[in-house]
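Everything below concerns the one structure shown next.
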Amino acid sequence: MRKKIVAGNWKMNLNQEEGHKLTSEIVHMFEDENLKDVILVLNPPFVHLQGVKKLIGETKGIFLGAQNCSDKASGAFTGEISASMLASFGSTYVIIGHSERREYFKETNALLTAKTKQALENGLIPIFCCGEPLEIREAGTQDAYVTAQLSESLFGLSPEEFGKIVIAYEPIWAIGTGKTASSDQAQDMHAAIRKHLGSHFGEELAQQTPILYGGSCNPGNAPDIFSKNDVDGGLIGGASLKSRDFVDIAKSF
Ligand code: 13P
């Protein structure tokens, strides 16, 4: 059985008070509503990590994650945050290669390999993002585009290293647009990703790899998307900023 994961990516939102309020509400709902078999991951901006970790406390099933890490271990890289710092502040997960990082900060597949290695070396679970822009979807070449992102960044890893990774498929045209992929589009891509992973790492490892969907996921569309065989949860942006919506998405399996 693959893990079911619903991860919230707060992006660059919420001040301290708002972040604490959101976290407390999520923790209480998670406990009161007895969510079983689903892992929640909260990925706030770096400055929130310590506060959010404290509020999560010992709650079983809720984990802390970050939105990015450096490709370097340490040193004179002003403004950067290393994977070892994230681990020391209680992070379990880290998002790597979000399309916003790829687009606005010019992160390449090679750089993302280095970030993934840093994460793994420091015991973090990478949530590795992939996804195609609209023009690729319109040209019908999305499978080749996405599978190339994965092989270029991840196929140099050993099977042991790869076995720790979570994949998030986020079609760029669906992020923050309100235009979600249909559940069939998500399933088709997730199946193509799993097949591609299997061709390199073997069927068993591919079957164990959680593949999350992201892009305008909400409590209304999550049950349909999560019902698909190869969809193991979601990476949630806007709706993760509302406790009720986020927890309802986590109840959508
Ligand atoms: P939205 O859910 O706001 O579309 O964002 C998705 C996303 O980018 C999560 O990483």
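As the structure lists them, so they are numbered: ligands from 1, and atoms in each ligand from 1. Values reported hereafter were calculated over all heavy atoms of this structure, with side chains retained and with hydrogens, waters and symmetry mates removed.
Listed by number with element, the atoms of ligand 1 under 4.0 angstrom from any heavy atom of G176 are 1 (P), 3 (O), 4 (O). For ligand 1, the atoms closer than 4.0 angstrom to any heavy atom of G215 are 4 (O), 6 (C). For ligand 1, the atoms sitting less than 4.0 Å from at least one non-hydrogen atom of E170 are 6 (C), 7 (C), 8 (O), 9 (C), 10 (O), numbered in the order shown with element in parentheses. Distances below 4.0 Å separate heavy atoms of G238 from the following atoms of ligand 1: 1 (P), 2 (O), 3 (O).
Residue K11 has at least one nitrogen or oxygen atom sitting less than 3.5 Å from a nitrogen or oxygen atom of ligand 1, judged on distance alone. Distances between N or O atoms of G237 and those of ligand 1 include at least one value under 3.5 Å. An N or O contact shorter than 3.5 Å links H98 to ligand 1 by distance.
E80 and K115 are not joined by a salt bridge, as no carboxylate oxygen comes within less than 4.0 angstrom of a charged side-chain nitrogen.
Going from atom CG of D224 over to atom CD of Q187 covers 11.0 Å, rounded to the nearest 0.5 Å.
If you chain together hydrophobic residues whose side chains sit under 4.5 Å apart, V94 and L157 fall into the same group. At a threshold of 4.5 Å between side-chain heavy atoms, the hydrophobic network of Ile, Leu, Val, Met, Phe, Trp and Tyr places L212 and F253 in two separate groups. Residues F63 and W10 do not share a hydrophobic cluster, defined by chaining ILVMFWY side chains whose heavy atoms lie under 4.5 Å apart.
Counting heavy atoms of neighbouring residues, nucleotides and ligands inside a 6.0 Å radius, atom NZ of K242 does not exceed 12 of them.
Proximity of A174 to ligand 1, defined as any heavy-atom pair under 4.0 Å, is confined to the backbone N, CA, C and O atoms. Only the side chain of N9 comes within 4.0 Å of ligand 1, judged by heavy-atom distances.
Residue contact check for ligand 1: S216 places a non-hydrogen atom closer than 4.0 Å to it. Not a single heavy atom of A168 sits closer than 4.0 Å to an atom of ligand 1.
Ring-centre distance between H196 and F155: below the 6.0 Å cut-off.
Counted by atom type alone, T180 and Y213 present one or more donor-acceptor pairs between their side chains at under 3.5 Å.
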